[in-house]
Peer 1: 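Have a look at this one.
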Protein chains: 2
Amino acid sequence: MTSPADDTFAPRPEPRAPRGFPDRRGADLAGERRLIAALAGVYERYGFEPLDTPAFEYADALGKFLPDADRPNEGVFALRDDDEQWMALRYDLTAPLARFAAENWQTLAKPYRRWAYGSVWRNEKPGPGRFRQFTQCDADTVGSDRPEADAEMVALAVEGLAAAGVPAGAAVMKISTRKLLDGLMEAHGIVDQAQRLTTLRAIDKFDRLGWAGVRDLLGKGRLDESGDFTRGAGLAQGAVNDIEVFLNAAAQGLSRQAVLKALADGKASATRDQGLSDLERIDQALTAMGVTDAQARFDPAVVRGLEYYTGAVFEAELVATDAKGQPLRLGSVGGGGRYDDLVARFTGERTPATGFSFGVSRLTVALQAMEWAGAGKAPRGPVVVLALDAEGMADFFAAAAELRAAGIAAEVYLGGSGMKAQMKYADRRLAPAVVILGGDERASGQVTIKDLDLGRALAAGVSDHDTWKSERPGQQTVPRVHLVEVVNGIVDA
Amino acid sequence: MTSPADDTFAPRPEPRAPRGFPDRRGADLAGERRLIAALAGVYERYGFEPLDTPAFEYADALGKFLPDADRPNEGVFALRDDDEQWMALRYDLTAPLARFAAENWQTLAKPYRRWAYGSVWRNEKPGPGRFRQFTQCDADTVGSDRPEADAEMVALAVEGLAAAGVPAGAAVMKISTRKLLDGLMEAHGIVDQAQRLTTLRAIDKFDRLGWAGVRDLLGKGRLDESGDFTRGAGLAQGAVNDIEVFLNAAAQGLSRQAVLKALADGKASATRDQGLSDLERIDQALTAMGVTDAQARFDPAVVRGLEYYTGAVFEAELVATDAKGQPLRLGSVGGGGRYDDLVARFTGERTPATGFSFGVSRLTVALQAMEWAGAGKAPRGPVVVLALDAEGMADFFAAAAELRAAGIAAEVYLGGSGMKAQMKYADRRLAPAVVILGGDERASGQVTIKDLDLGRALAAGVSDHDTWKSERPGQQTVPRVHLVEVVNGIVDA
């Protein structure tokens, strides 16, 4: 690094982060870290091993793009290594897992179950709430084709949401399997690839458009409010009717067993029956693990990543109500499913895998918005020991050390300003209290402690002046030996 | 993502991570995370705010290089954003802090004290133990020119090392200030820039070469064992003598006050006196915080980053002894100091700052090598519930859920193999125990529990067969209701 002071003639750079790359501090960062710690506890109790893969992968291993020009494709951040190979920053945690599993397949204890968290990067146009670096937190099982492995993903997500602080009843896991839809199309002879995709896309819009919209998209087509016409799948009426029954099989409140019963009434096919049998086994494993119908339900309308998932699919949805009891749509905070092809890219052998990924930022935002798990509360700063004169420095540091030894976050003011600015600093740091050890206090073996929490409460009108005067004065001078005790009383209040 | 199964004609990529980018799992990863968590506790108790800046910075803000060619300089990973601006991955956590502080200077509570951890990237030739992505963990105070802010960095490091599990006496912080050396050179009229740098470089080699080597480098020059000649600084004999006194001022075991006294005997200069006064204040603050002479000592031979630091400099060194009591040189596990120019790159105004950075990988390796803080012990896997028949699945999952509810990591085997392979799997997962709920056990309301820890202990010859038989049998069949109790006994043993 060159000494900046020497760069007399260099223009000053503008201090700013690249577009779409946020700095994070305070409550947002603390909330995300609390969430990851809560999920880590659950994952490891389920026997999932932590894994940390690097930010870079070779572009061909990532699989999303193969640069054949000088400039890499959109979507990922890529650069050429000094041996001219393209490397790219990971855009999710699943592609690196597939590379890792394929690379170490011979020596891994199988099935291989790992959890991971970390940054992922997307080279997309940034926008409000749309970042180019964000955090994911995933659990995956590679090497098990048992539906129980899918059930475990659901149980993991249910417990993870609870550990994160989402109250009972405010989250639901929705489960389906692609085999149900495949079987339905099989039974109705829908084999044309384009027609199949249009059908799946129509079903995927059930939540948003309701049955009337989906019906149009399954038939001739749909004219939306803006006047745009979307061509439909052109299915026969019999197929449309069966899809209606299928989508309505999962009315809110039905038990998993009741949904299975309703689905069994539809037109049979080998694939559908396989799907029903998978769901039956998922239900049994969930029930054995104590996951209730309210926590995890079957919902055939769940489709997800059309070309990615090959079996079970899941989605975590928050279903909170506002202060008036009205349902609040907080939306999906995670999802996953069975993907049996990713490792095969490397090995040529189909390797069954299933996983679940939390949308860490979305879930953190929801926890804060709902003030669940103490999230959203103003974070608390350290107790600030004022630095009022040079002679007292040793005493200020001794007081801070004493507070820290008692487990209280504390610091000595280290700037050069006077009393008023120091009080303002303490307030901006959200200090619960300031400690004043002026010359008078030191001479008389005393200490003055000012309760800033109380000051803020008064300012917010939470308390009133009488209470303040009678019950807990904002400032008190006590013998120095009572420092920790009095500050503890304020911090714990 | 395209469906890999469709890529019939695409060649299979080789599954490997880019050179110099390690995958991390098991004990290494757990050790690093434990270390960061321990440091986080200390930093926040000292009132340092967490900050997370993105991986990318604009290249001009990073400051290390300004690409004027198509291909960026060595040293950093850089790429051009879609608006043609160069972005680079951060190579440390200090440059992004300087950018953040400059960008938010008006609104920050000052002094601004933050801690951070995260990956940094260096585009260097990888080699054994030399990675291109690694973790740093830093604390910095921006906006305080008080020597007490430097003292706080030292106290933070001392407490951090203790919290990380380094036992008392096994770590020492070495402290100096560049003002001592600047003053010494000032007093001896060493003003030529090249001569100054050669002098500093020579002093920096005191630890490695001893006085004889440094003396040659300060004089005419030094011929090393390989026959290479390094030209010396060509100092006059009086200056060389004073530097000898200076370097010897910090004999092992001297108190901070004694070192200050010895240094005060040297040739005076305004800068040196300023340095001595800074160290005096650092000593007082350290003493007030309970940091002993054994934990942090003054050592004028500490130089560090020649063109970077402007005042105090610190280095954390581990000084363990091996089983025979011989000193083990584990080397530096962190360092830092005062750098007053980094923010000025952006603002044009000199902004005092001081910081300390832990070498996270080095410290993790040392903790594991010394088996400090439980590091280096084999990590423990989950209890494995064997999956012996399809009918028992619900019982297997219920047993695993029961164990997890009691806080015991547990999983059901989810592969498709038989009993023998399942036992091998459990062993490779380092399971403390396996739970067997076969048809017989289920019919009779019992459960069989096999103690794998004991099996491993026997295999390692730690226990003997008689003890095994009489005191704790490796396998026991007990009523199903005693599952948690028995497994707890094994896990806690």
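Owing to the predicted nature of the structure, the values given are computational and were not obtained by experimental measurement. Every chain is numbered from 1 and lettered A, B, ... according to where its sequence line falls, protein lines coming before strand lines.
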Peer 1: Considering only heavy atoms and a distance below 4.5 Å, find which of A:T287, A:N104, A:T107 pairs most often with chain B.
Peer 2: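 Max contact count across the listed options: A:T107.
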Peer 1: Heavy-atom cut-off 4.5 Å, strictly under: side chain, backbone, both or neither for B:E44 against chain A?
Peer 2: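 Contact with chain A is through the backbone of B:E44 alone.
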Peer 1: Quick check for you: among B:Q284, B:K110, B:E402, which has the greatest number of heavy-atom pairs under 4.5 Å with chain A?
Peer 2: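 Option with the top pair count is B:K110.
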Peer 1: Give me the atom names and distance for the closest heavy-atom approach of B:M87 to A:P18.
Peer 2: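 Result for this residue pair: SD-CB, 3.5 Å.
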Peer 1: Between B:M393 and A:E148, is any pair of side-chain heavy atoms under 4.5 Å apart?
Peer 2: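 They are in contact (side-chain heavy atoms under 4.5 Å apart), so the answer is yes.
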Peer 1: For residues A:A288 and B:A401, report the shortest heavy-atom separation together with the two atoms involved.
Peer 2: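 Heavy-atom minimum between the residues: O-CB, 4.4 Å.
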Peer 1: For the interface with chain B, which of A:S119, A:A55, A:G381 has the highest count of heavy-atom pairs at distances below 4.5 Å?
Peer 2: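 Of A:S119, A:A55, A:G381, A:A55 has the most heavy-atom pairs under 4.5 Å with chain B.
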Peer 1: Looking at B:M289, B:R16, B:E49, B:Q133, which one has more heavy-atom pairs under 4.5 Å with chain A than the rest?
Peer 2: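 Option with the top pair count is B:R16.
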Peer 1: Name the member of B:A426, B:G415, B:A394 that forms the most heavy-atom pairs with chain A at distances under 4.5 Å.
Peer 2: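 When all of B:A426, B:G415, B:A394 are compared, B:G415 has the most.
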Peer 1: If you compare all heavy atoms of B:L79 against all heavy atoms of A:A78, which two are closest, and at what distance to 0.1 Å?
Peer 2: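 Shortest heavy-atom separation between B:L79 and A:A78 comes out as CD2-O, 3.5 Å.
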Peer 1: With sequence neighbours left out, write down each residue that passes side chain to side chain contact (heavy atoms under 4.5 Å, CB included) with B:P13, or none if nothing qualifies.
Peer 2: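 Partners of B:P13 by the side chain to side chain contact (heavy atoms under 4.5 Å, CB included) criterion, ordered by chain and then number, come out as A:D60, A:R345, A:F346.
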Peer 1: Of the backbone (N, CA, C, O) and the side chain (C-beta and beyond), which part of B:P22 lies under 4.5 Å from a heavy atom of chain A, both, or neither?
Peer 2: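 Contact with chain A is through the backbone of B:P22 alone.
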Peer 1: Of all residues at least two apart in sequence or in a different chain, which pass the side chain to side chain contact (heavy atoms under 4.5 Å, CB included) check with B:P382?
Peer 2: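 So B:P382 forms a side chain to side chain contact (heavy atoms under 4.5 Å, CB included) with B:A409, B:E411, B:R429.
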Peer 1: Heavy-atom distances under 4.5 Å only: say whether A:A155 touches chain B with side chain, backbone, both or neither.
Peer 2: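 Neither; nothing under 4.5 Å.
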Peer 1: If we only count heavy atoms from C-beta on, is the B:F56 to A:L89 side-chain gap below 4.5 Å?
Peer 2: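 Of all side-chain heavy-atom pairs linking A:L89 with B:F56, at least one is under 4.5 Å.
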Peer 1: Can you tell me which portion of B:W105 sits under 4.5 Å from chain A's heavy atoms? Options are side chain, backbone, both or neither.
Peer 2: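 The answer is neither part of B:W105.
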Peer 1: Among B:F131, B:Y413, B:F397, B:Y339, which residue forms the greatest number of heavy-atom pairs with chain A at distances under 4.5 Å?
Peer 2: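 If we count pairs closer than 4.5 Å to chain A, B:F397 comes out on top.
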Peer 1: Which residue out of B:E57, B:R113, B:E152 racks up the most heavy-atom pairs below 4.5 Å with chain A?
Peer 2: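 Option with the greatest count: B:R113.
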Peer 1: Tell me the closest heavy-atom pair linking B:S144 and A:L414, and the distance in Å.
Peer 2: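 Heavy atoms of B:S144 and A:L414 come nearest at OG-O, 2.6 Å.
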Peer 1: Can you tell me which portion of B:T347 sits under 4.5 Å from chain A's heavy atoms? Options are side chain, backbone, both or neither.
Peer 2: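 Backbone only.
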Peer 1: Measure B:E14 against the heavy atoms of chain A and call it side chain, backbone, both or neither at under 4.5 Å.
Peer 2: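 Contact with chain A involves the backbone of B:E14 alone.
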Peer 1: Counting only heavy atoms closer than 4.5 Å, note whether B:L29 contacts chain A via side chain, backbone, both or neither.
Peer 2: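 Answer is side chain: those atoms of B:L29 sit under 4.5 Å from chain A.
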Peer 1: Between B:A398, B:P111, B:A40, B:S417, who has the most heavy-atom pairs with chain A when the cutoff is under 4.5 Å?
Peer 2: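 The residue among B:A398, B:P111, B:A40, B:S417 with the greatest pair count is B:P111.
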Peer 1: How far apart are the closest heavy atoms of A:Y58 and B:A17, and which atoms are they?
Peer 2: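 Closest pair (atom of A:Y58, atom of B:A17, distance): CE1-O, 3.8 Å.
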Peer 1: Could you tell me which portion of B:T53 (side chain, backbone, both or neither) has an atom closer than 4.5 angstrom to a non-hydrogen atom of chain A?
Peer 2: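 For B:T53, heavy atoms of backbone and side chain both lie under 4.5 Å from chain A.
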Peer 1: Identify the heavy atoms of A:A109 and B:R428 that sit nearest to each other, and give their distance.
Peer 2: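 Result for this residue pair: N-NH2, 3.9 Å.
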Peer 1: Please look at B:Q85 and chain A and tell me whether the side chain, the backbone, both or neither of the residue comes under 4.5 angstrom of a heavy atom of that chain.
Peer 2: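 Contact with chain A is through the side chain of B:Q85 alone.
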Peer 1: Taking side chain as everything from C-beta outward and backbone as N, CA, C, O, which of these in B:R19 sits under 4.5 Å from a heavy atom of chain A? Side chain, backbone, both or neither.
Peer 2: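 Both backbone and side chain.
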Peer 1: Once rounded to the nearest 0.5 Å, what's the spacing between atom CG of B:D52 and atom CZ of A:R25?
Peer 2: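 Separation between the atoms: 12.5 Å.
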Peer 1: Measure distances from B:R33 to the heavy atoms of chain A and classify the residue's part below 4.5 Å as side chain, backbone, both or neither.
Peer 2: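 Side chain only.
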Peer 1: Can you say whether B:A116 sits under 4.5 Å from chain A via the side chain, the backbone, both, or neither, judging by heavy atoms?
Peer 2: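 Interface part for B:A116: neither.
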Peer 1: What part of B:Y112 gets within 4.5 angstrom of chain A, counting heavy atoms only: side chain, backbone, both, or neither?
Peer 2: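 When you check distances to chain A, only side chain atoms of B:Y112 fall under 4.5 Å.
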Peer 1: Mark yes or no for whether A:R45, through its side chain, and B:G407, through its backbone, hold a donor-acceptor pair below 3.5 Å.
Peer 2: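 No.
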Peer 1: Is the closest side-chain heavy-atom distance between A:E103 and B:D23 below 4.5 Å?
Peer 2: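 Yes, their side chains come closer than 4.5 Å.
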Peer 1: Among A:E159, A:K424, A:R132, which residue has the highest count of heavy-atom pairs closer than 4.5 Å to chain B?
Peer 2: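 Most heavy-atom pairs under 4.5 Å with chain B: A:R132.
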